[in-house]
Protein chains: 2
Amino acid sequence: MPSRALPYRPHNHDACVSQALAEARAICQQQNARLTPTRERVLELIWQSHKPLGAYDVLAKLTSEGHNAAPPTVYRALDFLQQYGLVHRIASLNAFTGCTHAGEHHTGMFLICRACGNVLELMESSVTTAIENAARAEAFQPEAITLEVAGLCPGCQANQHHE
Amino acid sequence: MPSRALPYRPHNHDACVSQALAEARAICQQQNARLTPTRERVLELIWQSHKPLGAYDVLAKLTSEGHNAAPPTVYRALDFLQQYGLVHRIASLNAFTGCTHAGEHHTGMFLICRACGNVLELMESSVTTAIENAARAEAFQPEAITLEVAGLCPGCQANQHHE
DNA sequence: GCAAGGTTTGCAACATTATAACATTTGCAG
DNA sequence: CTGCAAATGTTATAATGTTGCAAACCTTGC
Ligand SMILES: [Zn+2]
Ligand SMILES: [Zn+2]
Ligand SMILES: [Zn+2]
Ligand SMILES: [Zn+2]
C-alpha cells in the first residue's frame, strides 16, 4: 500500500483520490456493502481536497452536476461512508474529510490548520492509549474519542512571518 | 479551594453551583469583566446539572422565567462565558457545560456518558502534552485542543448489567 | 422469469443550531 | 451633564441536520 502524502505541500492529489476510491471499493466488496454511484460520488467529492467539506457543500456540488439531490441524499451517503470508516466527521467544523487510514480500525487525531483549512489525520496509538487510560482511571468506559487540534500547519507558520 | 464532586454520584449539587458562581464573580472582578445579571443567570442555568445544556435549552429556561430573550441573548452570554473560561462548548453535542477548573488555564478533556448524559471534565496535562508533542512532530503548531470521550460512566456501566 | 422482501433513493416538510444587522438602552469617564 | 463604549433588544435569516413516506431498485428463492 503506497504511503500518504502530506496535505499541506503540493502533491499529486489525483493519486490520493484514486487510492482512496480503490480502497473504498475493496473495503465495501469485502464487507458486502454497496458502494452505489451516489455514495462513491460523495466520497470522491469529499476527497477533492484535504479541506473538510460541509454536507451542504457536497450537496451544492451534486446539484450543480445535475444530480437530483436533497439534504437526506447527502447525509445518508455520509452516514454510510462513516459507518464503513471511509470518511470522518470533524465536530469542530461540522464538516467531513476522507479517512486516510480506511480499514485500519483506528482513532483519528486531526490537525486542522486555521489558516489554510487543510486537515492531516494522524493515527497515534500512544495518544489514544493515554486518553483511554485517563478515562479508565475515572472508572469511565471509553467508546469513541473526538480529538481535533486546531493550529497552524508548517506552511502557514512560514507565511505568518511575511505579514 | 474545595475539591469538586464527581458528577455521576449524588452529591450536594448546590455547592457545585454556588462555588462556580463565586469563582466566576471573582474571576470577572479580577479581569474587569462585567458579569451582568443575564450572564450570571445563564451561567447558573448551565450549572443546574452536570449534563451539558444546548443554547436553546438555556433560552427556553430564560423565557419561561419571563426574561425577554432571543437567541442572540443566549449566544452572546455564552460567548462571554467561554471567553473568560467559565463554560466550555462540547462540540460533539452542540451544548455547553460549566467549567470545573475556571481560572486554571487548562485544556479540558471531557468524559461524556452516552447513557445518563453527565459530563466529567478532566485536566490531564500528560495527555495534553502527548497530544501537543504528536502535533509538533508533524511540524504543526497546536493552539486549541478538542478532546471529548463518549462512553459509559461508572454508574451506567452497572445499570447495563440489569437489562 | 417472477414474486416477495429488504435496501436505497426521491421528495417534501420540518427541526435545530447559530449569526447578521441595526436600533435602543445602560454604565461609566471626563 | 454629556458623550462614548459596552451591552442588550429585536427582527430576520443563515447554516446544519432530521423525519416520514412513497417510489425505485436490487437480490434471492422459487
Ligand atoms: Zn492529496
Ligand atoms: Zn495551513
Ligand atoms: Zn454537582
Ligand atoms: Zn452515565
Side-chain angles (χ1 to χ4, degrees), chain A residues 24-25 28-29 31-46 51-84 86-97 112 117 146 148, chain B residues 24-25 28-29 31-46 51-84 86-97 112 117 146 148:
Chain A
R25 281 187 276 257
C28 288
Q29 185 156 26
Q31 313 221 5
N32 275 315
R34 291 173 53 202
L35 189 61
T36 62
T38 302
R39 290 166 174 174
E40 185 170 332
R41 185 63 187 135
V42 169
L43 180 60
E44 195 175 4
L45 287 172
I46 290 212
K51 303 184 210 294
L53 224 50
Y56 279 75
D57 297 330
V58 174
L59 178 57
K61 299 207 181 205
L62 281 181
T63 51
S64 81
E65 291 173 353
H67 189 300
N68 205 340
T73 310
V74 174
Y75 281 101
R76 287 195 281 230
L78 289 171
D79 285 347
F80 172 88
L81 295 170
Q82 280 186 270
Q83 194 175 334
Y84 287 92
L86 304 174
V87 306
H88 294 288
R89 192 183 124 93
I90 309 293
S92 59
L93 299 177
N94 294 336
F96 301 82
T97 193
I112 307 166
T146 299
E148 301 168 12
Chain B
R25 282 187 276 258
C28 288
Q29 185 156 26
Q31 312 222 4
N32 275 314
R34 292 175 51 201
L35 190 60
T36 62
T38 303
R39 289 166 174 173
E40 185 169 332
R41 185 63 186 135
V42 168
L43 180 59
E44 195 176 3
L45 286 171
I46 289 208
K51 302 183 211 294
L53 224 50
Y56 279 76
D57 297 329
V58 175
L59 178 58
K61 300 206 181 205
L62 281 181
T63 52
S64 81
E65 291 174 354
H67 189 302
N68 203 344
T73 310
V74 175
Y75 281 102
R76 288 195 281 229
L78 290 170
D79 284 348
F80 172 88
L81 295 170
Q82 280 186 270
Q83 195 176 332
Y84 287 93
L86 303 174
V87 306
H88 293 288
R89 191 183 124 92
I90 308 293
S92 59
L93 299 177
N94 293 336
F96 299 83
T97 192
I112 307 166
T146 299
E148 300 168 10

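Numbered from 1 within each chain, the chains take letters A, B, ... in sequence-line order.
With hydrogens and angles ignored, no donor-acceptor pair under 3.5 angstrom links the side chain of Tyr56(B) to the base of dA15(C). In the interface, the side chain of Arg76(A) is not paired with the base of dG17(D) through any donor and acceptor atom under 3.5 Å apart.
Set against dT10(D), dT17(C), dT7(C), the side chain of Arg34(A) has dT7(C) as its closest nucleotide. Comparing dG10(C), dT17(C), dC11(C) by their nearest atom to the side chain of Thr73(A) picks out dG10(C).
Note on Asn68(B): every side-chain N or O is 4.0 Å or more away from OP1 and OP2 of dT8(D).
What separates CG of Asn94(A) from P of dT18(D) is a distance of 11 Å, to the nearest Å. With rounding to whole Å, Leu78(B) atom CG is found 12 Å from dT17(C) atom C1'. Rounded to whole Å, atom C1' of dG17(D) lies 17 Å from atom CD1 of Ile90(A). Distance, Leu59(A) CG to dT18(D) P: 14 Å, rounded to whole Å. Whole-Å rounding puts the Glu40(A) CD to dT9(C) C1' distance at 17 Å. Across the protein-nucleic acid pair, Phe96(A) atom CZ and dT16(D) atom P stand 10 Å apart, rounded to whole Å. The distance between atom OH of Tyr75(B) and atom P of dT13(D), rounded to the nearest whole Å, is 18 Å. Taking atom CG of Leu81(B) as the reference point, atom P of dA7(D) lies 12 Å away to the nearest angstrom.
Between the side chain of Glu148(B) and the backbone N or O of Thr146(A), no donor-acceptor pair lies under 3.5 Å. The main-chain N or O of Arg76(A) is never found under 3.5 Å from a side-chain atom of Asp79(A) such that the two would form a donor-acceptor pair. Side-chain N or O atoms of Arg39(A) include one that pairs as donor or acceptor with a backbone N or O of Arg34(A) at under 3.5 Å.
Remark on DNA chain D: of its neighbouring residues Thr36(B) and Asp57(A), the 5'-side contact belongs to Thr36(B), judged by nearest-heavy-atom nucleotide. Comparing Pro71(B) and Thr38(A), the nucleotide of DNA chain C nearest to each residue sits closer to the 5' end for Thr38(A). In terms of position along DNA chain D, the nucleotide closest to Arg39(B) lies nearer the 5' end than the nucleotide closest to the other residue of the pair Arg39(B) and Pro72(B).
A 6.0 Å sphere centred on CD of Gln82(A) holds more than 12 heavy atoms belonging to other residues, nucleotides or ligands.
Residues Asn68(B) and Thr63(B) form no side-chain contact, since every pair of their non-hydrogen atoms from C-beta on lies 4.5 Å or further apart.
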